[in-house]
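Before any comments, here is the structure.
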Amino acid sequence: MTALERSRLARERLSRELRRLRTEVKMTGVAAARATGMSQSKLSKIETGLLLPSVHDVERLVSELSGTREIRQELVELTRQLHDEVEIRRVILDRGAHRHQEAVALIESRAMTSRFFQHTRVPTLLQTEAYRLAVHGNTPARGQEAVINALQVRRSHMDDLGKRFVFVLTEAVLRWRIGPAELMCGQIDHLVELSRRPSVLLGVVPWSVNMVTVAPAVPRIRRTGRHVERPDR
């Protein structure tokens, strides 16, 4: 059994036990939510496993549902373990994100020409801060800082007039609304501004063009001499 499967089973057990405690004391979800100071929708998500409760949430629920001391200790410890596992996975993802940016920055620093293709969203190098946050808003603060620092290094290469950055986007990238209209207008204005840089060439493939090849599902980096060709991540 994998770690993810064990975590899933532990989470199901936690939600199942909390639901069992409530039904045994014949308390409705509305009454239990009111007694513990949480919304009924939140309690429902906890009992169905859609939301991992905090340790404080579990302590309040067990107390209001007349759980024994042993049950309280067991469920609180289980909740702590689940949160620890979530935190570990977040740290791994954070490290992976900024290490990926650092690796790409190194490749771009050595290349004279970097070519990017995107058919789903604005390439990372061309994103405004608002657009980036809309895409990666769930990244923890420390992960955000590391990724931003790595991105700043990558973007500094675009100021080098001896380099060339070629971006090809599909029309869908510009029309797909990642956020409100104001965010997308700001992003498009930013693309227009960047396209005026001597080192940047930006092209858009309109929807009217017949597709003759399928974009790869997994981004790949291809080095050809001093050139780098890659779908953006």
Side-chain angles (χ1 to χ4, degrees), residues 1-100 120-122 127-148 172 175-184 187 217-218 233:
M1 184 181 297
T2 66
L4 283 176
E5 289 172 334
R6 288 194 297 270
S7 179
R8 177 180 59 80
L9 291 175
R11 192 159 177 169
E12 289 177 355
R13 180 185 167 204
L14 175 63
S15 60
R16 184 174 60 250
E17 286 298 307
L18 291 174
R19 186 168 60 251
R20 179 186 63 80
L21 287 175
R22 180 179 61 77
T23 56
E24 284 186 350
V25 296
K26 295 181 172 54
M27 185 179 290
T28 66
V30 174
R34 186 183 301 115
T36 53
M38 63 179 67
S39 67
Q40 194 276 331
S41 61
K42 177 180 178 179
L43 177 59
S44 176
K45 290 178 182 178
I46 290 174
E47 290 188 350
T48 55
L50 295 177
L51 176 66
L52 178 61
S54 66
V55 170
H56 182 56
D57 288 335
V58 172
E59 289 176 335
R60 285 189 300 171
L61 282 167
V62 175
S63 176
E64 291 295 335
L65 300 176
S66 303
T68 65
R69 179 179 179 183
E70 290 73 18
I71 288 293
R72 175 185 176 278
Q73 291 176 340
E74 180 183 356
L75 296 186
V76 165
E77 179 59 26
L78 181 59
T79 305
R80 286 200 176 101
Q81 290 175 5
L82 286 169
H83 277 285
D84 287 345
E85 291 173 3
V86 169
E87 183 62 22
I88 290 171
R89 286 196 292 270
R90 283 178 177 171
V91 170
I92 292 173
L93 289 173
D94 293 346
R95 289 174 178 171
H98 82 262
R99 284 177 179 172
H100 169 75
T120 57
R121 67 185 184 191
V122 174
Q127 292 174 4
T128 63
E129 182 64 9
Y131 189 100
R132 188 188 67 81
L133 288 175
V135 175
H136 304 289
N138 292 328
T139 307
R142 60 179 181 280
Q144 291 274 13
E145 182 178 356
V147 170
I148 290 172
R175 291 185 177 273
W176 188 259
R177 289 178 58 165
I178 298 298
E182 294 79 6
L183 183 152
M184 294 306 300
Q187 177 61 71
V218 179
R233 287 184 67 180

With rounding to the nearest 0.5 angstrom, report the [atom1] to [atom2] distance, [X] to [Y].
X: Leu133; Y: Gln127; atom1: CG; atom2: CD; value: 9.5 Å
X: Glu77; Y: Leu14; atom1: CD; atom2: CG; value: 12.0 Å
X: Glu64; Y: Arg34; atom1: CD; atom2: CZ; value: 12.0 Å
X: Leu75; Y: Glu59; atom1: CG; atom2: CD; value: 11.0 Å
X: Leu21; Y: Arg19; atom1: CG; atom2: CZ; value: 11.0 Å
X: Met184; Y: Trp176; atom1: CE; atom2: CH2; value: 11.0 Å

Which atom names give the shortest non-hydrogen contact between [X] and [Y], and what distance separates them?
X: Pro53; Y: His83; value: O-NE2, 2.7 Å
X: Leu51; Y: Lys42; value: CD2-CG, 3.7 Å
X: Arg80; Y: Val55; value: CG-CG2, 3.6 Å
X: Ala130; Y: Leu183; value: O-CD1, 3.5 Å
X: Ser15; Y: Gly49; value: CB-N, 3.8 Å
X: Leu65; Y: Ala32; value: CD2-CB, 4.4 Å

request  = Scan residues 23-32 for pairs that pass side-chain hydrogen bond (donor to acceptor under 3.5 Å, both in side chains), counting only residues two or more places apart or in two chains.
outcome  =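 Found Arg20-Glu24.
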Test item: [X] and [Y] side chains (from C-beta on) under 4.5 Å apart, heavy atoms:
X: Ile178; Y: Gln187; result: no
X: Leu61; Y: Leu43; result: yes
X: Leu9; Y: Arg6; result: no
X: Ser7; Y: Leu82; result: yes

request  = Determine, step by step, whether Thr68 and Val62 satisfy the side chain to side chain contact (heavy atoms under 4.5 Å, CB included) criterion, reporting the C-alpha distance in whole Å, the side-chain angles of both residues, the deciding distance to 0.1 Å, and the verdict.
outcome  = CA-CA 8 Å; Thr68 65; Val62 175; over 6 Å; no
ask   = Under the side-chain hydrogen bond (donor to acceptor under 3.5 Å, both in side chains) test, which residues partner Ser66, sequence neighbours left out?
value =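 Ser66: no side-chain hydrogen bond (donor to acceptor under 3.5 Å, both in side chains) contacts found.
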request  = Using side-chain hydrogen bond (donor to acceptor under 3.5 Å, both in side chains) as the criterion, list what pairs up with Arg22, not counting sequence neighbours.
outcome  =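 For Arg22 the side-chain hydrogen bond (donor to acceptor under 3.5 Å, both in side chains) partners, ignoring immediate neighbours, are Glu47.
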query = Checking side chain to side chain contact (heavy atoms under 4.5 Å, CB included) for the pair Leu78/Glu17: CA distance, chi angles, key distance, verdict?
reply = CA-CA 11 Å; Leu78 181 59; Glu17 286 298 307; over 6 Å; no
